Amino acid sequence: PQPGSQRMFFALPLTVPPAANLAPYQGLCQLKDALPGKGRTIPDANLHLTLAFLGQITDEQTRQLVAAVNQLTIPAFSMHFNLLRYWKRSRVLWLGGDICPEPLGRLAEQLNQLALDLGLIQDARRYTPHITLRKNLRQRPVIPDEQPDFLFHFQRFGLYISEPDGPGVRYRLANQWPLIQ
Ligand code: 2AM
């Protein structure tokens with residue numbers, strides 16, 4: 001990485017108030033730890049819903065992004081997570097939902113566009129909301145018949161720095177914005 005640059009992404013945290021959010025978060029942590037199969041389990045504190053991945057960006061790019069995001073107005077929303085899936089390509093086991101709420105799709109699209117405007121390379125694939133539960137799974141795991149159903153209510157989103165933390169990574173909040181009630 002260049003000096004003065006950091007690996008960053010936009011995401012929705014799963015652990016913030018209201019307290020009602022703790023129950024689905026705790027359920028998700030339990031589910032994650034009970035899943036069969038190999039790979040590397042994501043630590044509880046790192047669970048999140050990615051909105052847009054930015055990669056390595058400079059402090060100046062961060063300032064410009066923050067200024068642009070300050071202009072957005074996005075409503076708060078809820079989403080049901082009821083699909084456990086495996087992506088062979090990225091070797092991750094993830095939890096998603098069969099319905100992407102309109103404000104979530106719009107927010108991801110707007111952040112993607114802001115990143116493109118800054119000249120950052122963005123994934124051209126359609127946005128698929130997902131919470132990664134396990135990484136580095138070389139084989140498709142046996143997915144339990146009974147699908148989970150967690151309802152998360154989102155009231156804010158953040159810009160995060162991904163930094164090395166021993167053998168793993170830690171996500172540090174750089175900035176956050178409220179979703180409008
Ligand atoms: P994930 O949600 O599927 O685990 C920090 O690394 C976050 O950015 C993670 O949420 C990760 O995806 C996502 N991410 C990491 N590298 C990425 C890449 N090359 N393209 C898209 N997203 C990436």
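Residue indices begin at 1 and follow the sequence shown. Please read all numbers here as calculations on a predicted model, not as lab measurements.
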**OP:** For Arg170, enumerate each residue passing the salt bridge (Lys or Arg N to Asp or Glu O under 4.0 Å) test, keeping only those at least two apart in sequence or located in another chain.
**Re:** Glu163, Asp165
Original post:
Hey, what do you get for CD1 (Ile57) to CG (Leu118), rounding to the nearest 0.5 Å?
Top reply: 7.5 Å
Subject >> Leu12 side, atom CG; Gln176 side, atom CD - distance, nearest 0.5 Å >> reply: 11.0 Å
Under 4.5 Å between side-chain heavy atoms, counting indirect links through other Ile/Leu/Val/Met/Phe/Trp/Tyr residues: same cluster for [X] and [Y] or not?
| X | Y | result |
| --- | --- | --- |
| Tyr171 | Phe157 | no |
| Leu95 | Ile42 | yes |
| Tyr160 | Leu133 | no |
| Ile74 | Val66 | yes |
| Leu72 | Phe77 | yes |

Check whether any side-chain heavy atom of [X] lies under 4.5 Å from a side-chain heavy atom of [Y], and answer yes or no.
| X | Y | value |
| --- | --- | --- |
| Lys135 | Trp94 | no |
| Pro141 | Leu35 | no |
| Ile99 | His80 | no |
| Arg40 | Arg91 | no |
| Cys29 | Leu47 | yes |
| Ser162 | Phe9 | yes |

Subject >> Derivation of the side chain to side chain contact (heavy atoms under 4.5 Å, CB included) call for Phe10 and Leu107 >> reply: CA-CA 10 Å; Phe10 287 106; Leu107 176 58; over 6 Å; no
**OP:** Assess whether side chain to side chain contact (heavy atoms under 4.5 Å, CB included) is satisfied between Leu49 and Leu104, documenting all intermediate values.
**Re:** CA-CA 10 Å; Leu49 180 61; Leu104 172 57; 4.2 Å; yes
Original post:
Going through the checks in order, is the side chain to side chain contact (heavy atoms under 4.5 Å, CB included) test met by Asp44 and Tyr25?
Top reply: CA-CA 9 Å; Asp44 293 359; Tyr25 172 70; 3.4 Å; yes
Just wondering, more than 12 heavy atoms not from [X] lying within 6.0 Å of its [atom1]?
| X | atom1 | result |
| --- | --- | --- |
| Ile180 | CD1 | yes |
| Glu146 | CD | no |
| Gln139 | CD | no |

**OP:** Would you mind listing every side-chain hydrogen bond (donor to acceptor under 3.5 Å, both in side chains) that reaches into residues 111-134, with sequence neighbours excluded?
**Re:** Thr41-Arg134, Asn112-Gln122, Gln113-Asp117, Asp123-Arg125
Which atom pair, heavy atoms only, marks the closest approach of [X] to [Y]?
| X | Y | result |
| --- | --- | --- |
| Gln61 | Leu120 | NE2-CD2, 3.6 Å |
| Arg106 | Thr73 | NH1-O, 4.3 Å |
| Leu173 | Gly158 | CD1-CA, 3.9 Å |
| Ala76 | Phe154 | CB-O, 3.3 Å |
| Leu22 | Thr15 | CD2-O, 4.1 Å |
| Ala174 | Met8 | CB-CE, 3.9 Å |

Subject >> CA sep, side-chain torsions, deciding dist, call: Phe81, Phe150, ring pair (Phe, Tyr, Trp, His ring centres under 6.0 Å) >> reply: CA-CA 5 Å; Phe81 289 85; Phe150 297 109; 8.5 Å; no
**OP:** Go through Asn21 and His153 one step at a time and tell me if the side chain to side chain contact (heavy atoms under 4.5 Å, CB included) criterion holds.
**Re:** CA-CA 7 Å; Asn21 251 6; His153 185 60; 4.1 Å; yes
Original post:
Are Arg63 and Glu60 close enough for a salt bridge, meaning some N to O gap below 4.0 Å?
Top reply: yes
Original post:
Which of these passes side-chain contact (heavy atoms from CB on, under 4.5 Å) with Leu159: Leu54, Val69, Leu51?
Top reply: Leu54
**OP:** Verify, without hydrogens or angle tests, whether Tyr86 (side chain) and Leu137 (backbone) share a donor-acceptor contact under 3.5 angstrom.
**Re:** yes
Original post:
Sub-3.5 Å donor-acceptor pair from the side chain of Asn82 to the main-chain atoms of Asp98, do we have one?
Top reply: yes
